[in-house]
Amino acid sequence: MSIGHTLLGLLESGPRHGYDLKRAFDEKFGHDRPLHYGQVYSTMSRLLKNGLVEVDGIEPGGGPERKRYAITDAGVTDVQQWLATPEKPEPYLQSTLYTKVVLALLTHRDAGDILDNQRAEHLRMMRILTDRKRKGDLADQLICDHALFHLEADLRWLELTAARLDKLAEVVVK
Amino acid sequence: MTPAGSLLVADELRKTYGPTVALDGAQFSIHPGEVVAVMGPSGSGKSTLLHCLAGIVPPDSGSITYNGREMATMNDAERSALRRSEFGFVFQFGQLVPELTCVENVALPLRLNGTPRKEAEKAALGWMERLEVDDLRKKRPGEVSGGQGQRVAVARSLVTNPRVLFADEPTGALDSLNGERVMELLTEAARSTNAAVVLVTHEARVAAYSDREIVVRDGKSRDMERVV
Amino acid sequence: MSLRQWWRDLAMGVRFAFAGGREGWVRALLTAVGVGLGVALLLLTTALPSAVAVRHQREADRTDITYSDKIIPKAADTLLVASSGTTFRDTDIRGRELEPEGPKAPLPPGVGKFPAVGEMVVSPALKELLDSSDGKLLRARLPQRIVGTIGESGLIGSAELAYYRGAEGLAAQGITGGRITRIDRFGNPSPVQERTDPVLVLLVLVVFVVLLMPVAVFITAAVRFGGERRDRRLAALRLVGADGRSTRRIAAGEALAGAVLGLVLGTGFFLIARQVAGSVEVFGESVFPSYLDPSPLLALLVGLAVPAAAVLVTLLALRGVVIEPLGVVRTAKPSRRRLWWRLLLPLAGLGMLYPMVGQGRDGGDFNQYLVTGGVVLLLVGVTALLPWIVEAVVARLGAGGVSWQLAVRRLQLSSGTAARMVNGIAVAVAGAIALQMLFAGVEGDYSEDTGYDVSRAQMQVSVPEGKTLAATARQLAATKGVQDVYAFDEGYANDGQGDDAHFGRVTVADCRSLRQVAELPSCHDGDVFASHVAPDADGSGQHNADGESGVAAKPGKTLYFDTSEDPAKPTSVTWTLPKTLKQARSIPDPTGYRRGGILVTPGAFSAKAAAGVRGEIYVHLDESMPDAREYVRNTAARIDPLEEPMTWVSVKRNDRFDTIRTGLFMGAVCVLALIGASLLVSQLEQLRERKKLLSALVAFGTRRRTLSLSVLWQTAIPIVLGLLLALAVGLALGVVLLRMTGTAVRVDWPSVLSMTGAGAAVVLVVTLLSLPPLLRLMRPDGLRTE
């Protein structure tokens, strides 16, 4: 996720202090990973340098966190462009897991066990997400669903692989 | 090897249908209030395991103990009585009696146990409210949507306050939104009554509502909690 | 629309009728069996008139004893025939003694060679009976060697018991044209054309209508088997582009296929039934398979009408249904059934019958069209009213147990199906009730009270000529199974000659026997009594009794007994009344008759007068002894083979009437069995369609009893309604028919109840038979289809 674009987008509704920005980001997007303060600071410096934001004012008391940022026209255009650009679909291959399966087959270990363990691990994760979804609001639900669907996709691959282990073994061992 | 405090335990279950081996030494155990998902590819023996556990089908060999009682020692009438009063069932489809109204369908298990009609339908309506389908009470199953029908079925499975709820692909015929809602209501209701749920599914997102899962493959079961 | 398209659609329908794997075959077979059973019954019905005619012809062809006064002279082509029929248990055995008087004597039909003395030819059924252990008793009566069997042409039924045996010296016993006769050919030279009684015609007509109506109802039900599944299939066809009319044609093709297959099966069933008919005997009647030949025209009509009806019914059934590509839509809410036109039908039927009320049996003919039309309309009215009643009642049925609830709710959803299922039974029962009433009503006119007092004696043996009363009585009394015999010599005497002669009855018997006919003050051998017949207690006069004896019972008077053999040469014997006559009061004798005249003890009678009296012996049997009658018959046959003892019954019926009654029973049994079969078939089909649901219900612990009971209710509720309606319509029809024949209206409750009982029994049997499959379907296997 592009943190820069996200922060720019947050600024569109009005000028904010760096501290406000971090809080808004964490609240809306940063469930797993809250932003480090340094991350905000370095991002903002980069945006300032590129002319996408400007310093709207400095609170008395000094320190970098007291700066108030506002988005520039160029910044608005940039956000606009970012939103309009579709995300590239990621053909995300579980390469490590695939490697493990093939190695297990080559060394005559039980590849099914590996897959079962992986499923258990995936399910553990899915349970946590499901649980959070139940307790959370709509935003939580949508985010968790996104993750759940991804995990489910992995699991489908897993099931398919499990069903084709015999064939895979033939190809790999040959 | 019975885990302490288990409500329903099965050991070394074997079952064949003609030449087909459905179960080949499967194990299972569940505690009160626990939701256990039974997963595995289709044809792996999931449903047979459920049918054996619920006393619908007797296994060829192996033991099933419910609440300390060996199922094999019960006769058909006793097992039926057990299913009527202690177990609840939700299937994928085809389980609502098409002639009865929804509330009559939900009240059916109570009435089978001898509860008077009025009382049974009152209790049924309570469960229908919990499952948000009380407005369908006068409708017949043919007149409600799949998701609504499945909720009615869940209400029916819970109306006797069963100690074990058996659900065989309960969301199989539903879209994800309806399916999740049904799962949510089902697990919530089961937890609130401390009922154990045996949940047969091949969908990971449905299984994610469970506390743990066991995987059935080629008639053999793997309890993933104990493996990991 | 091109003809080819038509043809293609029909052909596709035919293919669908048998496609669809096992399921499809089973459905097609069910339809075909249903239609086939109906066709078989129709063919049997069309064959019945010819069967009756053939029987009649055979009977006429073998007639020998014509009771004609004219006795032909002995010649080379004459044959002496004596009737020696007997009875075994309740079955009559036709028996003849044959004595050819020349080489060209006529052979009876079905017999190839005359049996010699000591030989006999028997019907296959009699041979079987004689060979069986049961027949030992009879064998004693028919000890002759069996030298052959009577062919089919000489018998009127496969189960008929008949024999011809050789004899000699028949002429010496007197050729009278009655018991012993001389003939030069078999067959009745001048068959009597019995004028058919219009009431009997009415009965026959109604019997046919009553039997055929349920069959029609049944066929219409049979072509609807598997209707729901077919509708779904048609919907699928619409999805791939068939238009509405085309689906109808495909459906018609399907129905046609079932009906045609049914026609084939029906012909097969008919041929089987024809063979079976040869080996069964219903109510004492049997036929040969060859009798059952339907007339070609009627058979052709059946062959055309059945498929046409099948197609018509299918199209009618589809009228209320719109088949959309995504499924079947019943046209809106099925409109509430209206009552008025349904009531119109039976009322119109009554209206057609009403003008003939009171025409009575002497009033002449009934209009056959009006009778048939009226009865048909009344019975069709049942099928029209029943769905309305079922719907109206079922909608109001309230709470009950789970099984009750399941059944009632199901009926509420599909009361039409339920009503269709029982329509046949309702029609059959309504018709049968009406007929039974008609029978019971007119039975009095066709049957007579014999008046016999069967508590005192059950058989009567006439003492043959040349045997004495005492010896015969002794032989009978010594017979196994006989408790008592009352032996009387009876005769008539006049007390003078010429115009002023008075006639009177003379009875000679011992005191014990005499007490059976009169109250005697005291009795010793040698006593003679004058018997007085008192008027009936109700003062109605002298019913079934002698008048005051015409013989002047004056002591010392001479009585003359006529013994003439030839009216031209009168002869007589005399007997003189003794000096003292005691007085006796007549009571009904065992035949129910109160006799007057003179009662004589044997000691007072003279031996020379014995020629003037004839012996009659009344036999009191030990009813606890099985086959007591057979022992008596054997003894009697030993005394005289041509003499058959009379077995007394308290009521005697007209035989012709029996045949119709038999026909009705045979038909009603067939129809009820047929409808029972169709009920079973639809019941099973319905159960199969609910396999998954049943398994699910069992899974959550439904008792088998609950589900079985619900199946019972589901059949029983419409049947009870149907039977009630049938009762009402049947009684109404019965009353009208009785009025038409001018007979007092009375309800024969036992037969009404037995008819409704039979209907109810069908339900029970159907439920019982559908239980095993139900239990099988309730196994959890139904859950594991996915």
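Within every chain, numbering begins at 1; the chains are lettered A, B, ... in the order of the sequence lines, protein sequences first and strands thereafter.
Between B:M39 and A:D116, every side-chain heavy-atom pair lies at or beyond the 4.5 Å cut-off.
The neighbour count for A:D137 CG, taken as heavy atoms of other residues, nucleotides or ligands under 6.0 Å away, is above 12. Applying the 6.0 Å contact sphere to CG of B:D218 captures no more than 12 heavy atoms from other residues, nucleotides or ligands. Within a 6.0 Å sphere centred on CZ of A:R164, heavy atoms belonging to other residues, nucleotides or ligands number 12 at most.
Contact count versus chain B (heavy atoms, under 4.5 Å) is highest, among A:E159, A:M125, A:R156, A:R119, for A:R119.
In this structure, the portions of A:L148 lying under 4.5 Å from any heavy atom of chain B include both its backbone and its side chain. The contact between A:R134 and chain B is made entirely by side chain atoms (from C-beta outward), counting heavy-atom distances below 4.5 Å. Contacts between A:D113 and chain B at a heavy-atom distance below 4.5 Å involve backbone atoms as well as side-chain atoms.
For the pair A:L123 and B:A208, the tightest heavy-atom approach, listed with the atom from each and the gap, is CD2-N, 4.2 Å. Across every non-hydrogen atom of B:E213 and A:A120, the tightest pair is OE2-CA, 3.4 Å. For the residue pair B:R222 and A:G112, the shortest heavy atom distance occurs at NH1-O, 4.4 Å. In plain terms, the two heavy atoms of A:L155 and B:A204 that are nearest each other are CD1-CB, 3.1 Å. The minimum heavy-atom distance linking A:R127 with B:S210 is given by the pair NE-O, 2.6 Å.
Taking 4.5 Å as the heavy-atom cut-off, the residues of residues 177-186 of chain B that approach chain A are B:E180, B:E184, ordered by number.
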